[in-house]
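Working notes, structure below.
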Amino acid sequence: MIREIVRKELLEIFREGRFRVALLTVAILVVTAIGVGRQYYRQVNEQHEAARRNARSEWVSQGSKNPHSAAHYGTYAFKPKYPLSLLDNGVDKYSGVSIYLEAHKRNDAQYMAAQDQTALSRFGDLSPDFILMFMVPLFIILIAFNSVSRERESGTLRVMMSQGISPWKLALGKWLAVFTPVAVLTLLVFLVGGVLLANLEDFGLFSWWPLILLALVYLLYYGVFINVSILVSASVRKSSLAFVLLLGIWILSCLAMPKATSVVADALYPYPTQLEFEEQIAEDKTNGLNGHDPWNAESKKLEAETLQKYGVDSVKKLPFNWDGYLMQKGEEHEAEIYFKHYQVLKEIYQKQSKVYRTSAALSPFLPARFLSMALCRTDYHAHWHFADEAEKYRLMLVGRLNGDMVDNSRTGQWDYRADEKLWRAVPDFAYEPVRYQSIVEANAGHFLVLLAWWVLSGVGMLVAVRQMKVF
Amino acid sequence: MFRLHVKYEWVSVWRDRWVVVLSLIFFGLLFFAIRNGQEKVLERQASIAKARGELRQAESKRRGEIDSVARGLRQYGEARRNPRLLSTYGQRMGKVVAMDAQPLAFVATGQSDLFTHFAKPKLYGEAYSLGFSELANPVQLLFGSFDLAFVCVYLLPLLVLAFSYNLLSSDKESGSLRLTLSQPVSLFSWLVAKLALRYAVVVGLIAATLLIVLAWHGIAMSTGLFWLLLLICVYVLFWFAVSFLVSLLGWSSGQNAIVLVSVWVVLVLLVPSIVSQLANAVYPVPSRINMIHNYRVAEADAEKRASEILTSYYRDHPELGQQDSTVANQYQFWLKYFASVDVLKKAVQPVLDEYDGALAQQQEWVDRFKVLSPAILLQAGLNDLAGTSTAHYTDFRHQVIGFNETWRNYFIPRMFANELLQASDLDQLPEPRYQSRVQPVWAIDLLLIAVFAAVVLGVSFRVYQTSSAERWLAS
């Protein structure tokens with residue numbers, strides 16, 4: 001019975017001009033988006049690869065100089081792009097791409113793409129995620145809003161019911177009929193995307209199973225929209241009213257809720273302004289961290305302790321370069337200050353994330369959005385991970401340079417020079433992205449919410465179909 | 001007769017339950033949006049006021065210290081802790097250059113969530129490295145703000161469509177169209193009456209809601225508000241025209257609704273995102289990463305030649321030489337640094353200028369694409385009215401960099417002359433005066449939206465002329 005319903009529904013859907021126009025539009029858009037996205041991805045990746053090589057060669061060939069001058073000269077860390085960002089660019093446009101690594105200072109990532117673009121770019125780009133997140137649900141509404149109400153209006157529902165069809169079977173048949181073209185379209189997009197990605201030069205970074213997970217997320221997300229569409233279509237008397245209601249639901253969950261949630265998250269847990277943040281750090285630098293003495297006083301204590309430990313009366317007599325040693329201790333002290341303040345920032349971000357997770361109960365768009373970004377490694381968490389790794393590398397870099405000064409020169413010997421050998425001995429910044437296992441663990445909550453949406457809306461649909469009025 | 005049409009149309013609109021519901025929803029949306037916008041403005045103003053207040057306090061404290069040290073009433077220990085040192089004052093006590101919110105800033109968040117609204121000039125460090133980004137959760141930037149601009153650009157058209165999608169079709173479906181046309185009535189004047197009345201109702205609703213909500217939030221009325229309302233009204237007119245045109249094609253109400261929503265999806269969602277993507281593909285944003293590389297190359301090169309450069313610097317600036325050569329200049333360390341920074345700046349400036357030039361060119365090109373959709377035009381117009389467009393922030397950045405230069409130019413010659421600060425000097429320090437120099441462009445946006453509306457109305461008129469009343473009646 002279900003097979004017949006599905007077949008009949010599919011036939012009807014395919015015969016409709018509306019469906020064909022919409023399908024064609026979505027298909028053209030997806031192809032364009034993937035094409036443009038692939039071009040962009042390759043271009044950005046080439047730039048990054050070149051930049052990484054340049055940064056290293058600048059570092060290695062900086063000539064002989066004092067190791068601490070080299071630490072001030074510093075180097076850059078560039079955030080790599082991952083193959084899946086082709087499908088979902090996430091927050092990449094709104095987070096910087098490069099971090100300047102230098103002595104004494106933790107810098108934020110610079111140059112977010114959005115800052116170099118006009119307000120036009122705030123409308124969003126025609127990327128695959130835009131189509132998958134916004135357009136496909138609209139497409140679903142367009143083919144499903146009258147799936148039940150049409151039968152009621154034409155009177156066929158009455159005939160079917162009089163023949164004793166089970167409402168479950170009717171609902172399932174309708175559901176499958178809408179789901180089939182959507183699923184085919186989605187899987188095709190992912191298949192084409194996967195093949196394109198697998199053929200990119202850096203094949204090593206790409207694996208199929210996050211793509212499969214991603215497809216599952218989208219299919220669940222679409223499932224919710226199909227459930228809701230049939231639910232509304234079964235409960236509302238007129239097709240046009242069903243259409244208006246579904247459109248309202250779409251606007252609410254895809255456009256209004258994300259924005260409204262942002263407003264709430266920002267109002268509850270506001271970020272400090274950039275200048276405030278910098279001044280709080282400067283404050284701790286001058287006045288001492290967490291009630292400790294400021295560094296001036298601490299360094300005096302350290303000096304007295306060290307002199308006593310080595311049993312000498314002047315830093316000049318120490319067996320190592322005191323200046324280098326003191327600078328390294330100062331660096332570690334400052335690193336603690338930065339750690340504290342970035343930790344505060346991270347806590348605000350985590351509290352804001354909680355707000356987004358909570359409001360996911362009001363919009364299936366939110367969990368799907370976050371899951372999609374996370375699986376493509378383009379979410380805010382991935383950015384933090386990169387920034388933290390870059391900071392670790394910076395501390396290692398500065399530590400190595402100061403250490404060289406401590407070991408190989410004497411106190412006050414500021415004309416000491418190190419050369420290429422040292423620069424080469426410092427390893428290059430090799431960034432290991434967030435592991436998929438931790439992505440999956442961190443986002444299990446979003447997945448459960450999405451699943452709950454799917455199950456509850458599915459139950460709602462079955463109940464609505466069971467209780468619907470036949471005429 | 002026209003009056004009668006309007007009167008009966010009014011009665012039928014008034015009795016429609018949906019109109020009341022939609023009006024209430026719209027009122028709620030507008031209220032929430034304006035509240036959010038106003039909240040952001042207040043936050044921005046508070047952070048600026050706070051920065052100014054803190055600086056004023058620090059200044060008066062510093063003034064006291066300088067004064068007592070100058071009179072010999074106070075000791076400060078090590079030489080580098082002397083509060084009268086120009087080097088410390090110039091670095092730490094930079095004036096706050098702030099971009100105060102314009103009266104209509106609450107209208108559109110625009111680019112204001114990406115950039116900072118105040119900066120302090122510093123003596124050391126390159127102006128290029130002055131940060132202009134604001135700390136923000138990028139997820140929020142991605143989702144965008146729920147502001148008045150969002151309600152107007154995205155949601156208002158839907159309200160218009162809901163008000164007008166069955167302008168003609170409902171009369172046709174209920175049969176009253178036949179009745180109406182059996183009277184000695186011109187179909188055209190009857191249609192115009194319907195359209196005009198509904199347009200007036202929507203515009204009146206917007207104006208009234210806007211005024212009530214603004215008064216509620218205590219936002220002062222200004223002439224800008226009139227232009228804001230005009231922009232919105234023209235945009236609404238465009239959507240009415242679209243709806244009118246679709247009505248004239250003589251489909252059923254349900255078909256009208258689907259077609260109109262599709263037009264909305266295309267003009268508000270698809271065209272902007274396609275244009276944005278294609279514009280960047282056709283005119284790519286010049287690579288920042290390449291710029292960093294070129295910058296570093298120029299920097300490294302200048303650093304290698306630092307010592308010869310410094311000698312030539314003194315040779316080029318004899319006026320900066322010290323008068324009394326028997327006293328060592330206490331700023332020696334910093335002066336050397338300035339000299340090298342200046343040289344560095346000269347070396348890297350072409351790289352920065354080239355980048356800025358390419359970026360400005362790219363933005364200009366991309367900007368032209370806005371004529372492809374009234375939605376982009378309205379957003380651009382609202383950003384411009386609110387003073388939150390990209391142009392406004394670029395202008396602010398340039399003014400900050402300019403003031404940074406003025407600030408350094410005050411201190412550096414005095415440091416070369418080995419001077420110390422007097423309390424009275426503090427009144428002579430350069431003061432920043434930020435004034436937006438951006439040429440308003442919203443009038444052009446307004447005009448272009450009006451052209452869109454006129455074209456659609458013109459087409460509607462053609463369609464009306466070429467088809468006969470019978471066509472609508474035959475169904």
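Residue numbers start from 1 in every chain, and the chains themselves are labelled A, B, ... in the order their sequence lines are given, proteins ahead of strands.
A cation-pi arrangement is present between B:R397 and B:F115, with the terminal nitrogen or guanidinium carbon under 6.0 Å from the aromatic centre and inside a 45° cone about the axis.
Residue contact with chain A, scored on non-hydrogen atoms closer than 4.5 Å, involves the side chain of B:D113 exclusively. There is no contact between B:R44 and chain A, counting heavy-atom distances below 4.5 Å. Both the backbone and the side chain of B:L269 come within contact range of chain A, with heavy atoms under 4.5 Å apart. Proximity to chain A is absent for every atom of B:Q255, based on heavy atoms less than 4.5 angstrom apart. In this structure, no portion of B:E39 lies under 4.5 Å from any heavy atom of chain A. Neither the backbone nor the side chain of B:W365 comes within contact range of chain A; no heavy atom of the residue lies under 4.5 Å from a heavy atom of that chain. Within the 4.5 angstrom heavy-atom criterion, only side-chain atoms of B:Y154, from C-beta onward, approach chain A. No part of A:N107 comes within reach of chain B, as not one of its non-hydrogen atoms sits under 4.5 angstrom from that chain. When heavy atoms are compared at a cutoff of 4.5 Å, B:S389 does not approach chain A at all. Contacts of B:S276 with chain A are made by both backbone and side-chain atoms, with heavy-atom separations under 4.5 Å. At a 4.5 Å heavy-atom cutoff, the contact between B:L155 and chain A is made by side-chain atoms alone. With a 4.5 Å cut-off on non-hydrogen atoms, B:N383 touches chain A through its side chain but not through its backbone. With a 4.5 angstrom heavy-atom cutoff, A:T261 does not touch chain B via any of its atoms. Only the side chain of B:V153 comes within contact range of chain A, judged by heavy atoms closer than 4.5 Å. In this structure, chain A has a heavy atom under 4.5 Å from the side chain of B:L359, while its backbone stays farther away. When heavy atoms are compared at a cutoff of 4.5 Å, A:I131 does not approach chain B at all.
The most heavy-atom pairs under 4.5 Å with chain A, out of B:L135, B:L270, B:V297, B:T390, come from B:L135.
For A:F139, the ring-ring contact (aromatic ring centres under 6.0 Å, His included) test picks out A:F19, with sequence neighbours left out. With sequence neighbours excluded, the residues forming a ring-ring contact (aromatic ring centres under 6.0 Å, His included) with A:F243 are A:F145, listed by chain and number.
The ring of A:Y380 has its center closer than 6.0 angstrom to the ring center of A:Y349. For A:F134 and A:F365, the ring centers are positioned less than 6.0 Å apart. When ring centroids are compared, A:Y100 and A:Y111 stay outside the 6.0 Å threshold.
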